[in-house]
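Data first, discussion second: the structure below is written as structure tokens.
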Amino acid sequence: MSSMHSSHWGAFRARPNGNSLIIEPFSGDPDPSPLLSNFTQVLDHPARVTQPMIRRGWLEKGPGADSRRGDDEFVAVSWDHAYSLIAAELTRVKNSYGPEGVFGGSYGWSSAGRFHHAQSQVHRFLNTTLGGYVRSVNSYSSGSASVLLPHIVGDMNEIARRGVSWQEIAEHSDIVLAFGGLALKNSQVASGGVSEHTERGYMQQASTRGARFVSVSPLKSDLPAEAQGEWIALNPGTDAAFILGLLAVLIEHQLTDEAFLARYCVGWETMKAYILGEEDGVKRDAEWAAQICGLSADHIRDIARSLQGRRVLVTVAHALQRAEFGEQPVWLGLVLAAALGQPGLPGGGYTYALGALGHYGKQHNLVSFPALPQGKNGIDRFIPVARIVDMLLHPGEKFDYNGRRLTYPDIKLAYWAGGNPFHHHQDLARLRRGFCRLDTLIVHEIAWTATARHADIVLPATMTLEREDIGGAPTDRHLIAMQPVAAPYAQAKDDYVIFTELAKRLGGEQAFTEGRDTQGWLRHLYGQMQEKLAAHRVSTPDFDDFWQQGFLTLPQLNDAGRMINGFRADPDAKPLPTASGKIEIYSATIASFGYESCPGHPVWREPREKPNAEYPLWLIANQPATRLHSQLDFGAYSQSGKQNGREVCSLNPTDASRRGIKQGDVIELFNLRGHVLASARVTTDVMPGVIQLPTGAWYDPVDVHAARPLCRHGNPNVLTNDIGTSSLAQGCTGQITVIEVRKFLGDAPDVRAFLPPEAAISKPFEAYRHV
Ligand SMILES: Nc1nc2c(c(=O)[nH]1)N[C@H]1C(S)=C(S)[C@@H](COP(=O)(O)OP(=O)(O)OC[C@H]3O[C@@H](n4cnc5c(=O)[nH]c(N)nc54)[C@H](O)[C@@H]3O)O[C@H]1N2
Ligand SMILES: Nc1nc2c(c(=O)[nH]1)N[C@H]1C(S)=C(S)[C@@H](COP(=O)(O)OP(=O)(O)OC[C@H]3O[C@@H](n4cnc5c(=O)[nH]c(N)nc54)[C@H](O)[C@@H]3O)O[C@H]1N2
Ligand SMILES: [Mo]
């Protein structure tokens, strides 16, 4: 018997085969993701957490700052013992500091099921039992774009999900100018699941029709073969200068659509003055741009001229804004599309992060599946998500954010479920210093990630395959019944069950559960969706039929509701949801904040860190092709991408030979923040001066206490810089950083990332699993 199930990278059927699983992709998926094979051998992997564990130092000394975090023994305890310790600690912190002492942001992707979405579970738990928590806003994905875009054109998600669609591109676009490319490795993923992978097909269709895909990126692999496109290799972090150069050429040759700019935009004259050097005496022309971005001035001119008179779509990947001053290329991409007069034309204009996720450029469902209600947070204190370590190290300090001056709260306890800060955050040695200042860190995990290893209390969570749930996304027409594939591993429990038990001890059980168990919630949420559909006169099978069938096909909206392309075709031209109702090339609101790092119109700003004599290479730390973030890094597909267990890092033959590095060598990437070992792949797919190491290899330091730690496994966040994008958005800047690399001489230490901590090995337990 096989079970229907879903993941962020696709729907599938699974059935047991001895100790492993046989995974068959959902029959309706035209291009299933290879990431599915990460599920085959993970259920009883030694990296799984088997039972509740308490860090010895915390157990013996009680809550408090402790530099032994990440380097201490764990003591196995019973569930009852763990529950009572946590309930007592939450009560202590609440009574002494209130919800302001608890950080419950719990950023992370967790699994695709909408009910067991761990982050929603934590939030609901903290709201209903403690009265709230300090939260985080925005994401590591689009930290800067999601703050900038509402000022200049509209909501980030609306632009990405309801902007120009893939179907329009296949039918109408002449040129798709993709900053950061359109890598299929990325669009195989979408939160809540993606049952049909269609990007490859659409790109093929468009290019067969004659559309030209142009990928501006340091990596050739950011555009799939199907797009039959061109690769423009640009120095990382210099897209803003490149676009200013393109605009200068358009201005010089009078190729700008002045009528469009006058009617639908504000601020073009100010922008022009900046480009022409009237603002500060610096002329930003093709020659100027060429020196910064590494292309010739003639090449820039040719590219600019080739755009005029064509149906051009400009898209800017999330990656570009995950860097210091990351707001600027996002803004300038929009200005370029506007200067060409393209927004609002079918298959033309501007869209954000097309292809970065499987949600983007897709059709929307008529109604969406309801989320687990999170309850009311009684306090209003937050940080931009990537400022967590600034918060932990500098309580009481003030910081800028989107026109406000805020203060970092003094956090005593952090609660994490469904995320991996030692995957997602930058400068991991600094992150560790931040976590060491807490009184208590509680983590629910399926496996011994570095985050779990740094916790005081680790609770074993079931993984998605071990429980029932419903998978769905607003842009996926299939709602998936996620049927359990295996029984919970060892003593693992669902996050929901854990929180229910804790709520009982804190006197909030009824508020947390509303009297429902998991089945009760699934039926309740499904019923709510049925009601929403019934209001549109759409009838749906009852829950049991849906469950047996395994999936449900939902009605979708047509293109009429799409954002941006409506605003020009519609004679009543609905103004955009910006302050002026127009595209804001100049934003009076942003100008009024007075930020040097993000003024009223887009600019080129030199980043503080750029290649220099000591650290001459740009490191690209992008999304991994073989897994989602750090999830199931011990899975078969992720492991198949490694070399002798180490992550593979790509560099150009010029940079390799200069350092005597050969294919397959163990190399050491380093900078001021630390050292990382990886296995070298020498390839012309990476431009000279650039080295690429994907994110997601589990942090595996030789010595956690080192000021500049050495990771044996290949986690690039040892090296990345922990600063905000600008005073406007304070987004994550982990995508690019500067480093040097050398051949690692001597015996390279073995990777230990997937071995459980000592105590967990030394204390045998009755592992049980019924498949
Ligand atoms: N340098 C650099 N850093 C980056 C990026 C980059 O480009 N460069 N990208 C950033 C981006 S865009 C993102 S979104 C973040 C992603 O960062 P995260 O979302 O934190 O990464 P994941 O690996 O998905 O973490 C999910 C964790 O939840 C656990 N988990 C899975 N299911 C369950 C469950 O049911 N219950 C519980 N309790 N746990 C579960 C998994 O084992 C895993 O450890 O990383 C960011 N970090
Ligand atoms: N397989 C897989 N897919 C994923 C994810 C995953 O973990 N695994 N994560 C998902 C998530 S949460 C998100 S938010 C998205 C992220 O979407 P993105 O952030 O867009 O994805 P990345 O792969 O980090 O970056 C895309 C490409 O941008 C290029 N790039 C980097 N810096 C620059 C630059 O300065 N200029 C230019 N022109 N190009 C640059 C890099 O070559 C990189 O390959 O991906 C999603 N898709
Ligand atoms: Mo993301």
Side-chain angles (χ1 to χ4, degrees), residues 4 6-12 25-33 112-114 154-173 187-203 205-206 313 344 346-347 351-371 470-482 525-543 545-546 549-567 569-570 574:
M4 189 76 189
S6 187
S7 65
H8 295 300
W9 46 94
F12 58 96
F26 175 54
S27 56
D29 192 338
D31 187 20
S33 163
R114 295 299 80 183
D155 177 78
M156 190 283 289
N157 259 307
E158 287 290 306
I159 307 293
R161 298 193 195 203
R162 288 199 220 250
V164 179
S165 68
W166 278 108
Q167 200 168 331
E168 270 180 79
I169 293 167
E171 290 169 11
H172 300 288
S173 308
S187 51
Q188 52 184 324
V189 164
S191 59
V194 49
S195 62
E196 296 165 293
H197 292 85
T198 51
E199 285 77 3
R200 192 192 305 270
Y202 280 128
M203 280 191 239
Q205 208 180 318
L313 177 66
T351 189
Y352 176 70
L354 180 76
L357 285 154
H359 304 299
Y360 297 166
K362 300 289 176 68
Q363 306 302 112
H364 260 246
N365 293 337
L366 181 59
V367 305
S368 47
F369 190 75
I470 294 176
T475 48
D476 190 327
R477 65 189 173 131
H478 295 113
L479 189 73
I480 309 288
M482 297 169 64
L525 296 171
Y526 184 83
Q528 286 186 324
M529 190 202 62
Q530 283 185 303
E531 278 173 32
K532 288 204 269 180
L533 282 169
H536 292 276
R537 299 174 184 282
V538 178
S539 65
T540 37
D542 67 23
F543 181 85
D545 288 344
F546 158 64
Q549 171 76 22
F551 68 94
L552 174 66
T553 309
L554 297 167
Q556 293 205 299
L557 288 166
N558 59 21
D559 263 346
R562 301 200 87 88
M563 174 128 184
I564 308 229
N565 41 359
F567 93 107
D570 181 355
K574 263 201 236 140

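Index from 1, following the sequence. All values derive from a computational prediction rather than experimental measurement.
- Looking only at side-chain heavy atoms (C-beta outward), V189 and V194 stay at 4.5 Å or farther from each other.
- One finds the NZ atom of K532 at 10.0 Å from the CG atom of N365 (value rounded to the nearest 0.5 Å).
- Considering only heavy atoms from C-beta on, F12 stays 4.5 Å or farther from S33 through its side chain.
- Among all heavy-atom pairs drawn from P541 and F546, the shortest one is CB-N, 4.4 Å.
- If you take OH on Y352 and CG on D155, they are separated by 12.0 Å, rounding to the nearest 0.5 Å.
- Contact annotation: the side chain of Y526 never approaches that of D542 to less than 4.5 Å [non-hydrogen atoms, C-beta and beyond].
- No donor-acceptor pair under 3.5 Å is formed between the side chain of K362 and the backbone N or O of D476.
- Across all non-hydrogen atoms, the minimal contact from A473 to S191 is CB-O, 3.6 Å.
- Side-chain atoms of L479 and F369, non-hydrogen and from C-beta on, do get closer than 4.5 Å to each other.
- With hydrogens and angles disregarded, no donor-acceptor distance shorter than 3.5 Å links the side chain of H478 to the backbone of L552.
- By the 4.5 Å heavy-atom criterion applied to side chains, I470 and L525 are not counted as neighbours.
- Distance alone, capped at 3.5 Å, is enough to place a donor-acceptor pair between the S173 side chain and the G347 backbone.
- The CZ atom of F551 sits 9.5 Å away from atom CZ of R477, with the distance rounded to the nearest 0.5 Å.
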Verdict with reasoning, W166 to L354, per side-chain contact (heavy atoms from CB on, under 4.5 Å): CA-CA 9 Å; W166 278 108; L354 180 76; 3.7 Å; yes

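- Contact record, S368 with P474: CB-CB, 4.3 Å, taken as the closest heavy-atom pair.
- Counting all heavy atoms, side chain and backbone alike, S6 lies closest to G193 at OG-CA, 4.3 Å.
- Results of the side-chain contact (heavy atoms from CB on, under 4.5 Å) test with V538 over V367, L533, L554 single out L533 as the only residue that passes.
- With rounding to the nearest 0.5 angstrom, the OG1 atom of T540 is 5.5 Å from the CE atom of M529.
- For the pair Q167 (side chain) and Y202 (backbone), a donor-acceptor distance under 3.5 Å is absent.
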Worked verdict on S187 versus H197 for side-chain hydrogen bond (donor to acceptor under 3.5 Å, both in side chains): CA-CA 8 Å; S187 51; H197 292 85; over 6 Å; no

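- Heavy atoms only, all atoms of each residue included: G28 and P30 are closest at O-CD, 3.3 Å.
- In terms of modelled atom types and a separation under 3.5 Å, the side chain of R161 and the main chain of I159 share no donor-acceptor contact.
- Taking OG1 of T351 as the start and CZ of R162 as the end, the distance is 13.0 Å to the nearest 0.5 Å.
- Distance check, rounded to the nearest 0.5 Å: CD of Q188 to CZ of R200 gives 9.0 Å.
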